[in-house]
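First up is the structure itself, then whatever we jot down about it.
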Amino acid sequence: MTRHLITSALPYINGIKHLGNLVGSQLPADVYARFLRAKGDEVLFICATDEHGTPAELAAAKAGKDVADFCKDMWKIQSDIADGFGLSFDHFGRSSSPQNHALTQAFAAKLYENGLISEVDEEQVYSHTDGRYLPDRYVEGTCPNCAYENARGDQCENCTKQLDPTDLINPRSAISGSTELEVRATKHLYLKQSMMREKLQEWIDSKTDWPILTTSIAKKWLNDGDGLQDRSITRDLDWGVPVKRGDEPWPGMEGKVFYVWFDAPIEYIGATAEWAQANGKTDADWRSWWRNDEGAQNVRYTEFMAKDNIPFHTLSFPATIMGSEEPWKLVDYIKGFNWLLYEGGKFSTSQGRGVFMNQALELFPADYWRWWLISNAPEGSDSDFTWESFQGQVNKDLADVLGNFASRLTKFTRSKFGETLPDGGEDSELETKLREEVNARLVTLTKHLDAIELRKAASELRAIWALGNEYLQEAAPWSVFKTDPERAAAIVRMGFGLLDLYARISAPFIPHLSAQLAEVLNSNDTSWPSTLPHTPKAGTPFTVPENLVAKIDDETRDELIERFGGRD
RNA sequence: GGGCCUGUAGCUCAGUUGGUUAGAGCAGAGUGCUCAUAACGCUUUGGUCGCAGGUUCGAGUCCUGCCGGGCCUACCA
């Protein structure tokens with residue numbers, strides 16, 4: 001049996017995430033985790049909040065809270081929302097955990113011992129008004145190249161020229177607008193990624209089955225210009241993992257913290273340690289997922305993330321792991337996603353454009369969102385959320401094809417036979433044909449899920465739902481009943497067999513609706529079937545689900561377009 | 001500027017190593033059924049596969065150029 005370690009990119013702590021964040025990592029990871037669990041594999045599905053960095057501090061300040069309190073509160077909010085969407089994390093941790101502090105410091109110590117850390121004196125912009133160092137992009141001013149007045153310190157948006165904050169004319173803080181800035185000398189640690197370039201290249205080259213999106217970004221960074229660059233891994237901030245060599249102080253680095261990109265991926269490991277602690281397990285239990293010398297040789301590790309995270313997961317984090325020269329688990333497969341757009345434009349927190357996860361749950365059941373998002377996951381290219389598309393797919397796929405199938409079957413059966421499955425009757429060639437079709441499509445569905453081809457999987461699942469309506473139409477039990485009630489009984493039992501199948505194979509996609517379908521026959525088998533199981537026995541009681549999937553009407557849709565901002 | 005991805009029916013997309021009349025869902029048209037959430041089934045109308053060349057017995061599929069769309073380019077994370 002394969003053991004599957006699955007991680008979703010860590011949602012950043014500075015606010016509630018939108019649907020694009022959901023579909024780019026957490027949701028597809030959940031579908032995969034649920035599928036593998038149903039197949040009987042051992043799964044550990046890990047996620048956490050990514051809590052450090054300047055934006056977290058600014059968000060806390062804006063909320064009028066201490067950053068630690070802010071993160072604690074926001075973690076709870078994000079955790080509750082994840083529950084609402086049915087995200088089945090085995091643990092939802094926090095990158096600010098003591099476990100992550102210890103691991104991050106331990107990795108840094110190993111990297112230092114192995115000669116992979118250098119200390120670099122550099123200059124950073126300090127804002128007196130804000131009382132903090134400013135990351136390059138938080139310094140704004142006039143571009144020396146094109147005279148654009150709102151150029152950022154890292155790059156001018158107008159002429160796209162790469163800049164240094166000290167290049168800017170009339171620099172000011174993007175946070176406060178203050179011009180009381182000072183360039184200060186400061187010292188930072190760099191991870192010498194350049195020394196690991198060949199090792200990383202070799203490793204990436206061996207990943208021939210990875211999506212092009214993933215490997216091409218990695219190769220670009222490895223080979224562009226002078227090749228992979230060393231990266232700073234520390235910051236002059238208060239909130240974060242204090243810079244230490246393991247438990248020992250790091251001379252000259254007092255008061256500094258590790259940079260968020262360094263400690264965030266390590267939190268995949270940290271959160272696994274948190275999982276062990278939270279569930280009364282031992283260190284050996286969590287280490288068996290991560291240490292190749294302690295049981296992780298048979299673990300297949302899959303990471304899910306949006307494309308902005310790919311460089312960190314293909315290069316920086318592997319560099320950290322390889323550089324430690326300890327037998328930590330490296331990722332086996334990276335599933336990367338493009339962006340989800342909102343009505344043709346970008347989701348925007350500042351402009352209130354798009355749908356955020358909390359709002360989504362207030363509007364419709366989680367499965368509506370799950371179904372649309374998975375069916376339209378931005379796997380090959382960016383995809384576009386529109387209310388019209390959302391309404392169309394929820395109404396057509398979930399209400400008409402799936403929901404109505406359950407409805408017509410159960411209501412017909414109740415009216416003719418009562419509330420238990422009727423006895424008698426023989427199968428005909430219709431059932432043989434149905435089984436063949438369902439079984440063939442099950443093979444395809446399973447293949448797509450194994451390959452994490454989510455759009456194709458959703459499409460195949462829908463086709464299997466549609467087979468139910470086709471079967472009922474052709475078998476026409478309402479007509480057969482008039483002359484041969486026993487044959488009609490056999491037909492409806494077959495129909496209930498399909499319903500039970502749907503509950504099981506739909507669960508990775510729409511777990512809540514699947515649970516409701518399973519309740520119809522009060523069945524509790526959630527295992528993944530390789531073929532259409534035997535039909536349920538005569539005499540089995542059933543219930544009629546009322547309005548399993550409520551449709552979205554045009555008025556509601558138009559109100560939502562108005563409220564959330566549609567096409568301009 | 002450089003790199004990568006992409007352009008297939010009105011819309012969203014499939015099209016395996018190049019191989020006969022290019023597929024699906026939605027939308028449109030017709031029709032059947034009446035068990036069902038005015039739901040379902042069946043049939044059907046839509047495409048010179050961005051443009052122009054080239055390779056080949058044969059190209060949506062490979063090559064070159066052009067045009068359009070998107071992403072990345074290392075201090076947001």
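Residue numbers start from 1 in every chain, and the chains themselves are labelled A, B, ... in the order their sequence lines are given, proteins ahead of strands.
- When both pairing distances are held under 3.5 Å, B/G68 makes a Watson-Crick or G-U pair with B/U6.
- Put simply, CD1 on A/Ile217 is 6 Å from C1' on B/C72, counting in whole angstrom units.
- Rounded to whole Å, the distance from CZ on A/Phe337 to P on B/G70 is 22 Å.
- Using a cutoff of 4.0 Å between basic side-chain nitrogens and carboxylate oxygens, A/Arg132 and A/Asp238 are not scored as salt-bridged.
- Considering only side-chain N and O atoms, A/Arg235 lies nowhere under 4.0 angstrom from the phosphate OP1 or OP2 of B/C75.
- When heavy atoms are screened at a 4.0 angstrom cut-off, A/Phe312 is found touching base atoms of the nucleic acid.
- Listed pair A/Lys416 / B/A36 fails the phosphate criterion, with no side-chain N or O lying under 4.0 Å from OP1 or OP2.
- Both the sub-6.0 Å distance and the 45° axial angle are not jointly satisfied by A/Lys346 relative to the ring of A/Tyr342.
- B/C35 has A/Trp478 stacked on its base ring, the centres lying under 5.5 angstrom apart and the planes within 30 degrees of parallel.
- Under a 3.5 Å cut-off, the side chain of A/Asn404 and the backbone N or O of A/Ser407 do not form any donor-acceptor pair.
- Atom CG of A/Asp224 is separated from atom P of B/C4 by 10 Å (rounded to the nearest Å).
- Side-chain N/O atoms of A/Arg455 include one lying less than 4.0 angstrom from OP1 or OP2 on B/C13.
- In this structure, A/Asp230 does not pair ionically with A/Lys192, as no charged nitrogen and carboxylate oxygen lie closer than 4.0 Å.
- The nucleotide B/A14 finds no pairing partner, because no Watson-Crick or G-U wobble arrangement with both distances shorter than 3.5 Å includes it.
- Residue A/Gly495 is out of contact with every strand shown, counting any heavy-atom pair closer than 4.0 Å.
- Each of B/U73, B/A77, B/A36 was ranked by its minimum atom distance to the side chain of A/Thr54; first place goes to B/A77.
- Proximity of A/Lys346 to the phosphate of B/C71: a side-chain N or O atom is located under 4.0 Å from OP1 or OP2.
- One atom, CG of A/Asp382, and another, P of B/C71, lie 6 Å apart when rounded to the nearest Å.
- Taking 3.5 Å as the limit, the base of B/A36 and the side chain of A/Asn404 contain a donor-acceptor pair of atoms between them.
- Across all strands shown, A/Pro55 has heavy atoms under 4.0 Å from sugar-phosphate atoms exclusively, and none from any base.
- If you check every strand for non-hydrogen atoms under 4.0 Å, A/Gln229 touches a base.
- Proximity of A/Arg462 to the phosphate of B/C26: a side-chain N or O atom is located under 4.0 Å from OP1 or OP2.
- Looking at heavy-atom distances under 4.0 Å, A/Val401 makes no contact with the nucleic acid at all.
- Place A/Thr413 and A/Glu474 on RNA chain B by their nearest nucleotides, and A/Thr413 ends up nearer the 5' end.
- Here B/C75 is the nucleotide among B/U37, B/C26, B/C75 with the atom lying nearest to any side-chain atom of A/Glu122.
- Nucleotides B/G15 and B/G7 have their C1' atoms positioned 15 Å apart, rounded to a whole Å.
- Within 4.0 Å of A/Lys220, counting heavy atoms only, lies at least one base atom of the nucleic acid.
- Remark: A/Trp339 is in phosphate contact with B/C72, judged by side-chain N or O atoms under 4.0 Å from OP1 or OP2.
- For a distance-only test at 3.5 Å, the side chain of A/Glu470 fails to qualify as a donor-acceptor partner of the base of B/C42.
- Taking side-chain N and O atoms only, A/Tyr471 has no distance below 4.0 Å to OP1 or OP2 of B/G41.
- Using Watson-Crick or G-U wobble geometry with both donor-acceptor distances under 3.5 Å, B/U48 finds no partner in any strand shown.
- Formation of a donor-acceptor pair under 3.5 Å by the A/Asp553 side chain with backbone atoms of A/Glu555 is found in this model.
- An OP1 or OP2 oxygen of B/C4 is reached within less than 4.0 angstrom by no side-chain nitrogen or oxygen of A/Lys307.
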